[in-house]
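By convention in this document, chain letters (A, B, ...) are assigned in the order of the sequence lines, proteins followed by strands, and residues within each chain are numbered from 1.
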Protein chains: 2
Amino acid sequence: MSEKLIIIGCGAAGITIASNVRKKDQAIEITIFSRDRDIAYSPCGIPFVLSGAIPSFESLVMHDLQYYKDKGIEIRINTEVTAIDLVGRSIIADGKHFEYDKLAIATGPLSLIPQVPGIDKAYPLRNLEDGKKVKKALEIAEKAVIVGAGPIGLEVATAFVNNGIATTVVERAPYILPCVLDPDMASIVQTKLERSTGVNLMLGAPLGAITDSDHEGVKSVTVGKEAIPADLVVRCTGTIPNTDLAREAGIEIGEVGGIKVDSTMKVKAIAMAVENVYAAGDCVEVVNQITNQPCLSQLGSTAVKQAKVVAENICGGSDVFDPVLHSAVYKIGDIQIGSVGVTYRDAKRAGLVPVVGRATALTKARYYPGGKKIEIKLLVFRDRLIGAQIVSEDYGVKERIDALALAIKSGMTVQQLLRVETCYTPPLAMVVDPLTLALEDVKRQTSS
Amino acid sequence: MSEKLIIIGCGAAGITIASNVRKKDQAIEITIFSRDRDIAYSPCGIPFVLSGAIPSFESLVMHDLQYYKDKGIEIRINTEVTAIDLVGRSIIADGKHFEYDKLAIATGPLSLIPQVPGIDKAYPLRNLEDGKKVKKALEIAEKAVIVGAGPIGLEVATAFVNNGIATTVVERAPYILPCVLDPDMASIVQTKLERSTGVNLMLGAPLGAITDSDHEGVKSVTVGKEAIPADLVVRCTGTIPNTDLAREAGIEIGEVGGIKVDSTMKVKAIAMAVENVYAAGDCVEVVNQITNQPCLSQLGSTAVKQAKVVAENICGGSDVFDPVLHSAVYKIGDIQIGSVGVTYRDAKRAGLVPVVGRATALTKARYYPGGKKIEIKLLVFRDRLIGAQIVSEDYGVKERIDALALAIKSGMTVQQLLRVETCYTPPLAMVVDPLTLALEDVKRQTSS
């Protein structure tokens with residue numbers, strides 16, 4: 001009889017585990033349980049359908065059920081797993097037991113919901129169904145409030161502005177993108193964003209309540225003493241790991257609330273030895289490479305990377321998932337924003353007071369028309385890079401963040417990094433790369 | 001009395017040495033001798049003025065003579081240095097001796113001129129004056145031939161096509177960009193280029209002669225038995241180091257024809273000890289990091305990097321210039337082309353037979369409109385990257401080449417590189433970076 005693999009959750013992690021296991025092992029039975037209706041789509045694309053950049057939600061869907069069935073991957077949609085039995089090696093769904101030889105938990109995130117009056121009037125935006133509802137609401141909305149100025153909140157806000165809707169973002173923190181940027185870099189983005197989109201940003205503004213107004217269909221959002229009229233409210237207030245199922249099964253949950261995994265992505269149980277149970281994606285917690293502390297890295301790219309490790313190890317390999325640098329990039333309106341490693345605040349909190357190197361440069365040669373500003377902030381501790389943030393209205397942010405992730409990973413010193421050759425042609429770069437300028441700024445401060 | 005620095009040549013290397021020395025040393029007397037009329041301009045920009053992308057040649061000029069004079073940098077234009085006297089520590093120009101304490105030779109390149117009948121009828125394109133003459137000729141030209149399918153030849157060819165001129169490029173080698181790409185990658189560029197610009201590429205076609213035709217002003221270019229009618233011929237046939245002055249002074253010339261320098265960019269003299277004489281830019285030869293062999297790296301970015309090392313050392317520092325990876329990027333029409341390290345041919349020639357990793361991917365998420373193909377070729381020897389070539393009609397080539405230069409420099413293995421986090425957002429990237437796909441292709445071949 002062939003082995004059975006059960007995967008709980010059909011997001012980026014779950015589906016990638018299934019596909020990659022199938023590539024290596026034609027025999028193993030693979031079943032995915034998903035409580036959602038839609039499968040194999042990119043949730044990261046939802047704000048860009050709302051903006052109109054992507055023509056339809058259908059484009060986000062990669063494959064249908066039949067495609068996976070043909071590969072021998074059974075996906076049970078609309079099916080909630082209610083328990084994991086580690087001893088009996090089975091899970092329970094629809095009241096029935098399903099046995100497994102190997103189990104992968106990819107239960108994803110849970111939305112953080114602000115506990116304020118009327119919060120049920122705010123649209124969530126977790127999945128494709130939510131996206132479709134918001135798109136429909138968008139057609140008749142005139143004034144919108146987005147709760148949360150994280151990446152998704154701002155992507156959605158610029159999407160709304162693109163639809164001609166007067167949009168206000170309310171954010172508890174005193175600056176936008178508080179998990180991605182330091183306040184100084186966030187302030188650069190804020191200025192650009194307000195100027196280019198006209199979006200109204202209310203910062204240091206915790207949500208008070210959402211109330212129905214006098215006339216039909218119109219709501220109002222209160223923040224402190226202010227009431228912001230809105231006929232559409234969307235909450236983009238971040239997520240935490242969805243660990244209920246794992247916790248109840250006796251699987252260890254870590255310090256920052258995610259499922260604890262070892263470097264091979266195996267889980268640990270509290271009272272027993274457990275083999276062949278893995279977890280991946282937004283439900284797990286990981287180790288930060290810089291601080292060596294547990295942290296969350298709820299990114300699609302992280303989920304896919306972890307899923308590949310899980311698949312390799314399910315098939316008898318011995319791959320490991322390294323501590324994270326949380327490389328991330330966002331495009332909010334025309335603004336590209338990237339970060340990697342720790343922010344200044346996180347570095348200080350971990351006892352690492354960094355030297356800060358900065359550069360404001362151009363994305364093309366000085367004389368080449370169309371070049372845009374690029375702003376770089378590097379954090380260096382003991383002559384080694386520990387973090388970086390980049391903002392530009394032109395291309396080259398994503399790949400520079402990737403290069404900086406590589407630089408951090410390599411452990412190279414600032415002096416060594418300065419000796420790396422960067423390439424140049426007037427339509428695509430300055431003769432000295434902006435990253436080099438920022439590294440030179442670090443060197444000036446540390447060599448004196 | 002203050003020290004005297006003489007710099008011969010006012011290109012990227014010469015002017016960067018002067019500016020950087022001045023930043024560190026307010027007292028030293030700095031004199032630059034240049035045989036050209038124009039100073040402090042970007043020759044790399046010339047093809048883009050011809051194409052119309054840059055509005056005028058004037059935009060290429062960074063500063064005028066007065067700007068440098070105000071900084072205490074005297075530039076003697078239109079002044080040919082005729083000899084260097086290493087013993088007397090002086091140079092001769094205009095029949096007069098000028099003494100130096102420190103000397104920097106930045107004499108740049110010499111054009112390689114095919115020795116064929118009528119070659120004097122072809123326009124050169126070395127400097128701003130040449131550029132202006134070609135631009136003028138362009139106004140009345142209808143059919144042009146470019147000699148040489150290197151980066152500049154192709155940049156100029158697409159510029160001509162942009163001006164509505166029927167353009168043929170004749171190239172001796174059997175493929176375009178022979179110093180930059182392997183034939184397989186060159187062929188991808190060729191197809192894109194022919195399709196998008198209509199430029200006519202004649203490869204494996206050594207120039208026979210340039211002849212005047214019967215009627216006034218019209219020439220014809222013969223290649224083999226074929227005669228290509230043309231009223232404008234431009235030669236872009238590459239350059240060699242300009243070393244005459246150095247050679248006659250008894251300075252050592254290396255195996256590949258450039259001035260030999262040590263890692264601090266100091267020259268060596270054949271029959272005597274010489275101190276405080278440096279060379280930088282297109283006139284020197286360098287060491288290839290991969291093959292450990294001498295080579296040329298005639299790039300603006302290399303010249304600037306070397307010049308900074310020279311400036312630092314002239315001012316008493318001890319900076320070194322590392323062996324090169326020759327990171328280079330070009331934009332030819334809408335095609336972006338980058339390379340770093342060695343080509344397959346160069347690797348084999350040096351006895352390193354590489355594993356080849358390939359990826360054809362997209363520059364945005366699969367479903368995001370406007371994503372373009374990106375084609376990557378990686379060369380790996382003993383589990384370490386030794387070269388890479390990238391072609392795309394979208395952004396991200398330059399920064400990926402820089403990341404790969406960093407990867408080579410770091411000495412990280414393929415497995416280590418695969419663990420680097422790359423960042424993702426649908427409008428800017430696929431969830432798995434194309435570089436990761438190419439590395440995975442290497443891994444598949446080496447782990448079996």
Side-chain angles (χ1 to χ4, degrees), chain A residues 12 42 44-45 48 53-55 59-60 62 299-302 304-305 320-322 324-331 336 338 340 365-369 394-403 405-407 409-412 416-417 419-429 431-433 435, chain B residues 12 42 44-45 48 53-55 59-60 62 299-302 304-305 320-322 324-331 336 338 340 365-369 394-403 405-407 409-412 416-417 419-429 431-433 435:
Chain A
S42 166
C44 307
F48 304 99
I54 299 173
S59 345
L60 300 186
M62 204 157 31
L299 297 168
S301 42
T302 300
V304 168
K305 239 176 158 53
V320 303
F321 182 78
D322 278 2
V324 300
L325 293 171
H326 202 77
S327 301
V329 67
Y330 304 99
K331 184 163 186 284
Q336 307 192 5
V340 60
R366 171 192 49 78
Y367 51 79
Y368 203 97
D394 202 353
Y395 289 89
V397 172
K398 178 245 177 319
E399 297 82 3
R400 282 195 179 88
I401 289 293
D402 291 348
L406 176 51
K409 198 91 176 170
S410 75
M412 286 165 81
Q416 286 169 328
L417 291 172
R419 289 198 193 145
V420 172
E421 281 163 81
T422 56
C423 57
Y424 158 65
T425 184
L428 300 177
V431 66
V432 177
D433 192 84
L435 285 185
Chain B
S42 167
C44 307
F48 304 99
I54 298 173
S59 347
L60 300 186
M62 203 158 31
L299 297 168
S301 42
T302 300
V304 168
K305 239 176 157 54
V320 302
F321 182 77
D322 277 3
V324 300
L325 293 171
H326 202 76
S327 301
V329 68
Y330 304 100
K331 184 162 186 284
Q336 308 192 6
V340 60
R366 170 193 50 77
Y367 50 79
Y368 202 97
D394 202 352
Y395 290 90
V397 173
K398 178 247 177 318
E399 297 82 3
R400 282 193 179 88
I401 289 295
D402 292 348
L406 175 52
K409 198 91 176 172
S410 75
M412 286 165 82
Q416 287 169 329
L417 291 173
R419 291 199 191 143
V420 172
E421 281 162 81
T422 56
C423 57
Y424 157 65
T425 185
L428 300 177
V431 65
V432 178
D433 192 84
L435 285 184

Where on [X] is there a heavy atom nearer than 4.5 Å to chain A: the side chain, the backbone, both, or neither?
| X | answer |
| --- | --- |
| Ala328(B) | backbone |
| Phe48(B) | side chain |
| Leu325(B) | both |
| Lys305(B) | side chain |
| Val320(B) | both |
| Leu435(B) | neither |

Are any non-hydrogen side-chain atoms of [X] and [Y] less than 4.5 angstrom apart?
| X | Y | answer |
| --- | --- | --- |
| Ser327(B) | Val329(B) | no |
| Tyr368(B) | Ser42(A) | no |
| Ile54(B) | Pro369(A) | yes |
| Leu417(B) | Lys409(A) | no |

Lys398(B) (side chain) donor-acceptor with Cys423(A) (main chain) under 3.5 angstrom: yes
Point-to-point distance, once rounded to the nearest 0.5 Å, from CD1 of Ile401(B) to CD of Gln336(B):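 So the gap between those two atoms works out to 11.0 Å.
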If you tally heavy-atom pairs under 4.5 Å against chain A, which of [options] wins?
| options | result |
| --- | --- |
| Met62(B), Glu421(B), Gln416(B), Glu399(B) | Glu421(B) |
| Asp433(B), Val432(B), Leu428(B) | Leu428(B) |
| Gly411(B), Ser301(B), Gly300(B) | Ser301(B) |
| Ser410(B), Cys44(B), Ala12(B) | Cys44(B) |
| Tyr395(B), Tyr367(B), Phe321(B), Tyr330(B) | Tyr367(B) |

Closest non-hydrogen atom pair between Val397(A) and Gly338(A), with its separation: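 Val397(A) and Gly338(A) have their closest heavy atoms at CG1-N, 3.5 Å.
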For Ala407(B) against Leu406(A), the heavy-atom pair lying closest together: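 Between these two residues, the closest heavy atoms are CB-CD2, 3.7 Å.
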Heavy-atom distances under 4.5 Å only: say whether [X] touches chain B with side chain, backbone, both or neither.
| X | answer |
| --- | --- |
| Val340(A) | neither |
| Val304(A) | side chain |
| Leu299(A) | neither |

